[in-house]
Amino acid sequence: MNKKLSEVQNRSPGGRSMAPPKAAGELNAVQLETDLLKRWADEKTFQTSIDVRRNGAPFIFLEGPPTANGKPGIHHVVARTYKDLVCRWKAMEGFLVERKGGWDTHGLPVEIEVQKRLDLMSNEAIEAFGMAEFNQACRESVWTYEAAWREMTERMAYWVDLDNPYVTLDNDYVESAWWALKQMFDKGLLYRGHKVLPFCPQTGTSYSSHEVALGYKEVEEPSVYVKFKLTDDDASILAWTTTPWTLPGNVGLAVGPEVTYVRCRIKEAAGEHWEGAGGADVGEEVILAKDLMKEVLRHHVDIVDEFLGADLVGRSYEPLFPGAVPKGDSTTAWTVLEADWVTTTDGTGVVHTAVMYGEDDYNLGMEAGLPAHHTVAMDGSFVTGTHPELDGRYVKACDETIISLLSSPKGTNGKGPESGLLYREKAYAHDYPHCWRTDHPLLYYAMDSWFVRMTAVKENLLNFNDQVEWAPDWVGEGRFGEWLRNVKDWAISRERYWGTPLPVWRSESGEMKCVGSIKELQEEVARAVAAGIANPDCPDDVDLHRPIVDGFKLLSDSGEVMHREPFVMDCWFDSGCASFAQWHHPFENEEVFNASFPVDYICEGVDQTRGWFYTLLAVSTTVFDQPAYKRCLSLGLILDAEGKKMSKSRGNIVDPWDHFNREGADATRWYMVTAGAPWNPMKFDPNGVRETYAKMFLTLWNVYKFHADYAALDGFDPEASTVPVAKRPALDRWVLSRLGTVANDYHENFVNWQFHKAGRDLEDFVVNDLSNWYVRRSRRRLWDEADSNDKRSCQHTLHEVLLTVCRLVAPVAPFMVDEIHRNLTGASVHTAPWPAGVPGSLEGATSDDWDEVAAKATATLPPTDPELEATMALVRELAEAGRRIRIDGNRRQRLPCAQGWIVAGPDLSEFHDLLAEELNVETMLVENDLDRFQRIELAPNFRALAPKARSTVNEVAQAIRTAEDPEALLQAINAGGAEVLGVTVEASDVDVKRVERPGFAAQTVEVPDADGASLHVSLVLDMNDSPALLSKGMARDITRRVQAQRKAMDLELEATIDLEVWMVNGPTMEEADEAWVAAETRCAGCVFHPEGSTPPEGAETFEVDGTTVHFTVA
RNA sequence: GCGCGGGUGGCUUAGUCGGUUAGAGCACCCGGCUGAUAACCGGGAGGUCGCAGGUUCAAGUCCUGCCUCGCGCACCA
């Protein structure tokens, strides 16, 4: 860097608005970003970016609250990038976009973390430890990784207010949740029930369907075919189960009344291939569905009888485990029952029924009056009295014991067949629900629970879902819609400690009261105290958690004592309340809430479909009778570079900091957004981040550096001496037009959620159009030390293009573009307007409705000129064609050609100089006689030809393509139609291609013109040499070598040298060319020694086209 | 089992209404160009567009079946 530049670089940045930019230094992206973070903090740029849009229409974003008791990973960075980019974009569009942070702080994940740490692996252990102490530990544990989250969030530049977040454990938040529950209670949507629910013995709690959905895993387990011996008959009924542990609880067998069953007699002993335990004796008789005989039986049998299931109903059989279930006053226990849901798709067509451990079993049991008795305790072990060998053991560990008990002769009750009660065992692979936190298999278990009657509002759910704009749409219609159509009542209570307590008090006789606020609680407590029920104090700031709230006893309307139902809420209920609880609705902030419900935009991973996306809608539907959000972006899963799911156990988690500290957050974010559609699964390839950095950001920086360095040197003032666009050279007008086109497409893609397409196109513009063509072609324009119109045009153009590019990039990658924008304008890009317009700032605009025309008028984009863009595309094609010609003709690039001809196409005279320079041609000419260098080729146009030619289209096409004399054929066609193989071919049936004639150093390019039609333009180069050309070519080769040597010697740009040149077998150098070498290489002295002189030892040497050149630089 | 979304050179991907030569980037090889950046330009090699049928003059594209990956669903007893 020369002196002048370094002086400029050291100039203080303060107090400048539209002064000349500082020179740009070398890029250190990480340093640049961390410096900017400080600056944003100091200047409160985030807050300012909101404040400057204070009068804009609000655009409401709702943050899905993360849990801060786990480390943030790269998938969180992805989600936060999409949240951030939409908010930033909308803000730039002039909307007021406030972004409140949030934390999810209740629930199982927290409790389990604490349980592990304190070694409290059962509910008893927790209660022995003390619920208050335990919850205190939870309250603290919640913030374990808050700092890590904060650092990640700030470093990646996710702008969200973390200083005033909503926190689900706050009293205000809990109070709002209570209020919501009371609304449901009052509408009759909240009820207490006894149902079979998936239950985790380790965490001691049941789960709702959306939690169960999180934990399906494929497992292989023993399934068993069991003989149920009829009491009044020697035959046994076969039934199948995959859960042997439910067999002691068996109290019934269900058959399909319309299903055909058979009674079979075992004809001969089984073969040697018998696998596992079980068996049957010859002569023994079994009953099962006819359709399943082949599937089930492993013996040859005779069919003794055939009948419908209805005929079996009422038959009684011997209990498998006598005494495990007391019969009580049931008249139906251990008999055959009918159920229309019994099918013959698997099993035996007979369903073993254990009332307490299956949903259908339970319903059937209640209907038929079977005894409802638990054989399994809440900790997952068999209750005492089930069987001496099973009592107290964990049920899933008893499979083998149960199998061997059943296998013993005459069975467990001594009344079974001699061969035992087990017919067969079979390994069975199926998906089975597991605890999403502990991975333990869940047990279906009948228990008391609280439910929200979602089934009652199903129509509304579907309606409201239709109003949501989903991205992608198929998640809303398909996956989410499917879920809603099958909606079940929401089991919201948890037998746990750390969560929003269920605010329902209940008396012995079943009177209930739901409390909806602290004030109400105080009043109820006071009433109870007045009636003589002792109660602790209930101050205004009473902690709305267990065990405090458990301590309050209320008074029922009939005067009974009421105790709180000892449950906490599903923590998904908490986050489902976020849209209003974040504002402590309805107790505070009425205006804010009214203005921000429903919210405009939420965005989370697709795994939240059954999670947050659902609970938000579930709560808003039941409480407000409204949808909670208008737009929902559902993101695809993050996979590793191999396409595997990222998980701790696989060890393939990508740490975002690896990239923040190497390529920076800009490159990381831009990579993630351009890697694919947001909703598609993304293979995160660390190398892709590096590539993005090298291509997009390094290139952008160097374009900027090129501009800023010269702008600083020249004291360029973007507000002074502007050159009107119309007066600028075509190259400038071209890049501005491209910018306009690209920016409009970019905006269009944003609107359609196609952020990846937008980003890819813009990157292509920056790398290809801006850097590799505009800047490359403009470099010499800025070298000019004198002030000139041309130079100023270039500077203004660069300035304008860079500004707009910065603004377009800013929502996606907010760092580097801010640095650039600040240096160019003195203001942050994050307070700048969106180039495609600022609808949010329009009078009367709302987040989803504004005056399109007025919005367009606020755009700050240059006008587009499709014709100029098409022309430049052609020029670039021709430049590339020229290189191809030289390679084919074996003529090096630095050796000039005397002339080049452009054949056909539009007038390119404006670009002749540019082309001459690119192509290294002395004179560009236009050849008007097309036939001199071009010939015609005809290509069939199938779309037009096919309907006429029908099945002969291929032959006709071939005939057109291979016509002996295409010119003559074309003439005939144009003269009104030519007969080809019986088909009249007209002008519209063929495409005319003009290609170069063989024998010339020529290439033809095909480009679309502004109207989309094809242009065929040829370039021809004169490949003849002359002494003058050889001299010029050599001068360029020498110059290039000397420049390389200067660079190798690390000389200052302005340093002068002494150059001496010796040539062997060289061309005769012209004086002008020698002078040109001297000027280009900044020679103080320059000597070309005559042919035959001897160069000194150590001179640089190179060869070109048979000439050996030696030179020294001093 | 049912539903959704994928499968295009070694990798990442584009591909419109079906139109005859499937386009790009990375990596690789050869050459060129460069006071131009981790670059740029030209060329090369590398594709039975998951498989098999079908519709059609014509299929990566439409239809059917199958395979395979991912995700989701669940009265799997």
Side-chain angles (χ1 to χ4, degrees), chain A residues 26-27 209 212-213 216 223 239-243 246 254 339 341-343 345-354 357-361 363 428 430-433 472 474-475 477-480 482-483 486 606-607 609-610 636-637 639 641 643-645 675-676 679-681 683 685 687-688 690-691 693-695 698-699 701-703 705-706 756-757 760 764 767-768 771-773 775-776 779 783 879-888 892-894 918 920 939-947 949-957 961 1039-1040 1042-1044 1046-1047 1051 1053 1080-1082:
Chain A
E26 291 301 318
L27 178 61
S209 44
V212 175
Y216 273 91
S223 69
W240 180 63
T241 182
T242 56
T243 49
T246 60
W341 41 262
V342 174
T343 64
T345 52
D346 44 21
T348 65
V350 180
V351 177
H352 137 68
T353 300
Y357 309 109
E359 191 172 333
D360 282 330
D361 306 47
N363 295 337
Y428 182 72
H430 63 147
D431 285 337
Y432 193 83
W474 47 261
V475 166
E477 289 157 17
R479 186 170 294 193
F480 197 53
E482 188 69 16
W483 171 258
N486 295 321
V606 69
D607 51 326
T609 310
R610 271 83 189 171
L637 238 73
L639 311 171
K644 298 252 161 55
K645 198 171 172 171
W679 43 83
N680 281 342
K683 290 186 192 173
D685 182 2
N687 198 43
R690 195 205 63 83
E691 205 179 298
Y693 173 74
K695 289 198 83 118
L698 204 50
T699 306
W701 184 257
N702 281 305
V703 168
K705 183 166 144 58
F706 172 73
H756 58 304
K757 287 189 181 168
R760 287 171 181 177
D764 187 62
V767 172
N768 250 320
S771 176
N772 290 341
W773 191 249
V775 168
R776 184 158 73 84
R779 225 159 252 281
W783 291 353
E880 286 170 21
R883 295 209 181 87
R884 240 173 292 144
I885 295 170
R886 283 176 177 275
I887 285 163
D888 291 350
R892 65 185 209 273
Q893 182 71 30
R894 290 190 204 91
E918 269 295 308
N920 196 11
N941 175 5
F942 280 89
R943 218 176 280 222
L945 210 49
R950 304 216 152 242
S951 61
T952 62
V953 67
N954 280 330
E955 288 76 13
V956 176
R961 264 195 288 254
T1039 302
R1040 143 88 183 116
V1042 174
Q1043 302 287 38
R1046 285 182 61 113
K1047 199 173 185 177
L1051 294 181
L1053 261 178
E1080 282 290 304
T1081 59
R1082 288 187 180 258

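Quantities reported herein were computed from a predicted structural model and do not represent experimental measurements. Here is how names work: the chains are called A, B, and so on, in the same order as the sequence lines, proteins then strands, and each is numbered from 1.
Rounded to whole Å, the distance from CG on L27(A) to P on A38(B) is 11 Å. If you take CG of D360(A) and C1' of A74(B), they are 12 Å apart, rounded to a whole angstrom. Atom-to-atom, CG of L698(A) to C1' of C40(B) comes out at 13 Å; the value is rounded to the nearest Å. Spacing between atom CG of N363(A) and atom C1' of A77(B) amounts to 14 Å, rounded to whole angstrom units. For the pair K705(A) NZ and G35(B) C1', the interatomic distance rounds to 12 Å; values are reported in whole Å. Across the protein-nucleic acid pair, W773(A) atom CH2 and A39(B) atom C1' stand 16 Å apart, rounded to whole Å. Look at CZ on R779(A): it is 11 Å from C1' on C40(B), rounded to the nearest Å. For the pair D764(A) CG and A14(B) C1', the computed distance is 12 Å after rounding to whole Å.
G5(B) and A77(B) have their P atoms separated by 29 Å, given to the nearest Å. A distance of about 11 Å separates the P atoms of G18(B) and C63(B), rounded to the whole Å. Comparing A14(B) with U8(B), their P atoms are spaced 11 Å from each other, to the whole Å. Comparing the P positions of U16(B) and G53(B) gives a spacing of 25 Å, expressed to the nearest Å. Rounded to whole Å, the separation between the P atoms of G15(B) and C2(B) comes to 30 Å. Annotation: C51(B) and G6(B) have their C1' atoms spaced 16 Å apart (nearest Å). Nucleotides A22(B) and G47(B) are separated by 9 Å at their C1' atoms, to the nearest Å. Across the P atoms, G65(B) and C76(B) are found 27 Å apart, a figure rounded to whole Å.
Distance from the side chain of R1040(A) is smallest for U34(B) among the nucleotides C76(B), U34(B), C41(B). When the nucleotides A74(B), G42(B), C76(B) are ranked by their closest atom to the side chain of W483(A), A74(B) comes out on top. Taking every side-chain heavy atom of R760(A) into account, U13(B) is the closest of G35(B), A77(B), U13(B). For R1046(A), whose side chain is taken as the heavy atoms from C-beta onward, the closest listed nucleotide among C33(B), G35(B), G5(B) is G35(B). Checked against C75(B), A77(B), G5(B), the side chain of V351(A) finds its nearest nucleotide in A77(B). Taking the side chain of N702(A) as heavy atoms from C-beta on, and the options C33(B), G42(B), U37(B), the nearest nucleotide is U37(B).
Across all strands shown, G31(B) pairs with C41(B); the Watson-Crick or G-U wobble distances both stay below 3.5 Å. The partner of C62(B) is G54(B), judged by Watson-Crick or G-U wobble contacts that both fall below 3.5 Å. Taking a pair to require two hydrogen-bonding distances under 3.5 Å in either a Watson-Crick or a G-U wobble arrangement, C2(B) pairs with G72(B). Here G25(B) sits opposite C11(B) as a Watson-Crick or G-U wobble pair (both hydrogen-bonding atom distances under 3.5 Å).
Look at R884(A) and you'll find a side-chain N or O under 4.0 angstrom from OP1 or OP2 of G43(B). Side-chain N/O atoms of T242(A) include one lying less than 4.0 angstrom from OP1 or OP2 on A77(B).
To the nearest 0.5 Å, the span separating CD on E1080(A) from OG1 on T1039(A) amounts to 6.0 Å. To the nearest 0.5 Å, atoms CG (N702(A)) and CG (L27(A)) are separated by 7.5 Å. Once rounded to the nearest 0.5 Å, the distance linking CD of Q893(A) with CD of E918(A) reads 8.0 Å.
Here the closest non-hydrogen pair linking T1081(A) and R1046(A) is O-NH1, 2.8 Å. The minimum heavy-atom distance between G347(A) and W240(A), with the atom names listed, is CA-CE3, 3.4 Å. Of all heavy-atom pairs between D361(A) and A354(A), the closest is OD2-N, 3.0 Å. Of all non-hydrogen atoms in R961(A) and P940(A), the two that sit nearest each other are CG-CD, 3.7 Å. Between F706(A) and V775(A), the shortest heavy-atom distance links the atoms CD2-CG1, 3.7 Å.
Among the protein residues, R943(A) comes within range of the nucleic acid bases, having at least one heavy atom under 4.0 Å from a base atom. In this structure, T241(A) reaches the sugar-phosphate backbone alone: every heavy-atom distance under 4.0 Å involves primed, P, OP1 or OP2 atoms, never a base. Contact annotation for Y693(A): base contact, defined as any heavy-atom pair under 4.0 Å involving a base atom. Using a 4.0 Å heavy-atom cutoff across all strands shown, R961(A) reaches sugar-phosphate atoms only and no base atom. Contacts of E482(A) with the nucleic acid, taken as non-hydrogen atoms under 4.0 Å apart, are absent.
Toward the 5' end of RNA chain B, the nearer of the two residues Q893(A) and K757(A), judged by each one's closest nucleotide, is K757(A).
L698(A) has its side chain within reach of Y693(A): a pair of non-hydrogen atoms, C-beta onward, lies under 4.5 Å apart. Side-chain contact between R886(A) and R883(A): absent, with no pair of heavy atoms (C-beta onward) separated by less than 4.5 Å.
With hydrogens and angles ignored, the 3.5 Å screen pairs a side-chain donor or acceptor of T353(A) with a backbone N or O of V351(A).
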Could you go through nucleotides 55-58 of chain B and list every protein N or O atom that sits under 3.5 Å from one of its N or O atoms, giving the distance for each pair?
residue : atom : partner : partner atom : Å
C57(B)  : O2'  : N954(A) : ND2          : 2.8

Atom pairs under 3.5 Å: protein N/O with N/O of nucleotides 22-27 of chain B:
residue : atom : partner : partner atom : Å
G25(B)  : O3'  : K695(A) : NZ           : 3.4
G25(B)  : O2'  : E691(A) : OE2          : 3.3

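Side-chain N/O atoms of R883(A) and base N/O atoms of G32(B) include no donor-acceptor pair closer than 3.5 Å.
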